Amino acid sequence: MGKSKELSVDLKKRIIDLNKSGKSLGAISKQLQVPRATVQTIIRKYKVHGTVVSLPRSGRKRKLSHAAERRLVRMVKSQPRMTKKQVCKDLEADGTQVSVSTVKRVLHRHGLRGCRARKKPLLQKRHLKTRLKFAADHMDKDKTFWRKVLWSDETKIELFGHNTQQYVWRRKGEAFNPRNTMPTVKHGGGSIMLWGCFAASGTGSLQKVNGIMKKEDYLQILQENLKPSARRLGLGRSWVFQQDNDPKHTSKVVKEWLNQARIKVLEWPSQSPDLNPIENMWTVLKKRVHARKPSHLAELHQFCQEEWSNIRPEACQELVDGYQKRLVAVKMAKGHVTKY
């Protein structure tokens, strides 16, 4: 026999009102077409609790005690890569048998949810040390200093952006409907490599790299673009050049040219893309370019140049002026990766 439907709150209130008016249980039952036993139960509960609203029920006994829940949470916090099935097996080995759903509910209740792990550079102890030193050495630098830095880096941008995610509204079983799929092309349909630079006052040069960039190619890019970009952005004479520690950047021939050109280079900690605000600029550029849906590599390059020029100087300044927050984040994370 199926579970009977619970009476509405309005109907329960009518039962109470009729009872208060002096009507008998039988009369109320006959008038409202409700079983006499039900009428009697509702009136009795009202006299005890003073309400006709259903009170919370105790439900089934908990499978995990509070102590077991705390142990489960500690286990997952210490080993965040554990799957729900692995957690179930570990609990079962200790004599507690629970389902995957129970584990998930407990973790959700404690604010823990399964998320995709972010891909970040591998940091060794020496990297942590140099990152902390960089943060400490530059913590007292004000906005004036960072506005004189010319930031640079390389990036690869693919024609169709195979890493792009697209969400669709669909019903169950319609996952492979052509309207609900995202066509892909091997290797992203081709790509181009770009070198670019920017400062708080705006974007500098954006150069396409032909083939695999060697130290000679990098040197030529610097010779043709570095000083012109600094002049165009109004950095004056006391500007500082930032580059990462890629072997091409730190090669002897590049170092010699930078010294001869009297260009001051910012000492940079390895494995630290989160400290370089140009990474945020690349994200903006790629989103804008892919939104225009280039159809071939020449168009991709054209859109990159146009969108790079369209980035507002105000956006660049806002990004650079908040640089100290990155240093604070590195210090708080004890040298480990940050949200930037």
Side-chain angles (χ1 to χ4, degrees), residues 115-123 131 134-135 143 146-147 149-167 182 184-185 187-209 213 221 225 229 233 241-246 249 266 268-295 297 299-330 333 336-340:
C115 302
R116 185 171 53 190
R118 304 291 177 89
K119 292 183 179 180
K120 292 287 185 177
L122 175 64
L123 295 177
R131 282 165 60 83
F134 179 85
K143 294 178 181 179
W146 298 114
R147 287 178 181 178
V149 176
L150 185 64
W151 308 90
S152 73
D153 196 18
E154 298 89 27
T155 190
K156 182 176 77 170
I157 182 166
E158 293 174 334
L159 183 60
F160 298 122
H162 75 285
N163 289 325
T164 304
Q165 292 188 28
Q166 179 68 58
Y167 292 90
M182 187 173 176
T184 60
V185 181
H187 313 297
S191 62
I192 58 174
M193 180 69 74
L194 299 171
W195 175 91
C197 63
F198 92 104
S201 50
T203 54
S205 297
L206 185 70
Q207 285 293 312
K208 179 185 174 185
V209 179
M213 186 165 68
I221 288 174
N225 297 279
S229 291
L233 294 171
F241 175 54
Q242 181 278 333
Q243 61 176 0
D244 61 29
N245 296 324
D246 184 285
H249 302 173
L266 184 66
W268 194 252
S270 298
Q271 298 288 79
S272 299
D274 56 338
L275 286 173
N276 192 350
I278 202 171
E279 296 294 339
N280 302 81
M281 300 288 282
W282 293 142
T283 301
V284 171
L285 177 67
K286 291 175 182 179
K287 284 182 178 179
R288 292 186 178 186
V289 169
H290 286 142
R292 295 178 64 177
K293 301 187 183 336
S295 56
L297 292 179
E299 198 170 51
L300 175 65
H301 183 212
Q302 176 191 337
F303 290 172
C304 285
Q305 293 289 349
E306 292 172 359
E307 294 301 334
W308 185 250
S309 300
N310 289 338
I311 295 176
R312 296 180 301 106
E314 294 83 4
C316 299
Q317 182 171 325
E318 184 179 355
L319 192 59
V320 173
D321 283 353
Y323 193 77
Q324 194 177 42
K325 294 179 182 178
R326 297 173 187 257
L327 302 178
V328 173
V330 169
H336 288 279
V337 294
T338 67
K339 66 178 184 178
Y340 299 97

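As the structure is a computational prediction, the values presented were derived from the model and not from experiment.
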Practice task
Using modelled atom types only, decide if a donor and an acceptor are shared between the side chain of Ser152 and the backbone of Gln242 within a distance under 3.5 Å.
Solution key: yes
Handout entry: Any donor-acceptor N/O pair, Glu307 side chain to Phe303 backbone, under 3.5 Å
Key = no
Handout entry: Those residues that, when tested against Tyr323, pass ring-ring contact (aromatic ring centres under 6.0 Å, His included) (two or more places apart)
Key = Trp146, Trp151
Practice task
May I ask you to decide whether Glu306 forms a salt bridge with Arg292, counting only side-chain N to carboxylate O separations under 4.0 Å?
Solution key: yes
Handout entry: Whether over 12 other heavy atoms sit under 6.0 Å from Lys143 NZ
Key = no
Practice task
Measure across Phe134 and Leu327 and return the closest heavy-atom pair with its distance rounded to 0.1 Å.
Solution key: CE2-CD2, 3.8 Å
Fill in the blank from the handout: Of all heavy-atom pairs linking Pro269 and Asn245, the shortest is C-ND2, 3.8 Å
Exercise for the section: Using a 4.5 Å cut-off on heavy atoms from C-beta on, say whether the side chain of Trp308 contacts that of Val284. Expected result: no
Practice task
Look only at the side chain of Gln305 and the backbone of Leu206, and say whether a donor-acceptor pair between them is shorter than 3.5 Å.
Solution key: yes
Practice task
List the atom of Val209, the atom of Ile221, and the distance in Å for their closest heavy-atom pair.
Solution key: CG2-CD1, 4.0 Å
Practice task
Could you pull out the closest heavy-atom pair between Thr338 and Lys120, with the gap in Å?
Solution key: O-NZ, 3.6 Å
Practice task
Would you give the length of the straight line joining atom CG of Leu266 to atom CZ of Phe241, rounded to the nearest 0.5 angstrom?
Solution key: 10.0 Å
Problem - Beyond-backbone contact of Trp195 with Ser205, side-chain heavy atoms, under 4.5 angstrom - result: yes
Practice task
Measure the SG-CG distance between Cys316 and Asn280 for me, rounded to the nearest 0.5 Å.
Solution key: 11.0 Å
Handout entry: Any Asp153 side-chain heavy atom under 4.5 Å of Met281 side chain
Key = no
Problem - Smallest separation among heavy atoms of Cys304 and Leu194, with atom names - result: SG-CD1, 3.9 Å
Exercise for the section: Drop me the distance from Arg147's CZ to Gln317's CD, to the nearest 0.5 angstrom. Expected result: 4.0 Å
Problem - For His249, ring-ring contact (aromatic ring centres under 6.0 Å, His included) partners two or more places apart - result: Tyr218
Handout entry: Side chain to side chain, Ser270 and Arg131, heavy atoms closer than 4.5 Å
Key = no
Exercise for the section: Any chance you could measure Glu154, atom CD, to Met193, atom CE, to the nearest 0.5 Å? Expected result: 7.5 Å
Handout entry: Interatomic spacing from OG in Ser229 to CG in Leu150 - rounded to 0.5 Å
Key = 6.0 Å
Exercise for the section: Decide yes or no for Glu158 and Lys156: does some side-chain heavy atom of the first lie under 4.5 Å from some side-chain heavy atom of the second? Expected result: yes
Practice task
Verify the neighbour count for atom CD of Gln302: are there more than 12 heavy atoms of other residues, nucleotides or ligands below 6.0 Å?
Solution key: yes
Problem - Phe198 and Ile278, any side-chain heavy atoms less than 4.5 Å apart - result: yes
Problem - Thr283 side chain vs Glu279 backbone, donor-acceptor pair below 3.5 Å - result: yes
Exercise for the section: Kindly indicate whether the side chain of Val320, heavy atoms from C-beta on, has any atom under 4.5 Å from the side chain of Val149. Expected result: no
Problem - Residue pair Lys339 / Asp274, side-chain heavy-atom distance below 4.5 Å - result: no
Practice task
Please round to the nearest 0.5 Å and tell me the distance separating atom CG of Leu233 and atom OG1 of Thr203.
Solution key: 7.0 Å
Exercise for the section: Apply the test side-chain contact (heavy atoms from CB on, under 4.5 Å) to residues Glu299 and Leu159: give CA-CA distance (whole Å), side-chain angles for both, the deciding distance (0.1 Å), then the verdict. Expected result: CA-CA 9 Å; Glu299 198 170 51; Leu159 183 60; over 6 Å; no
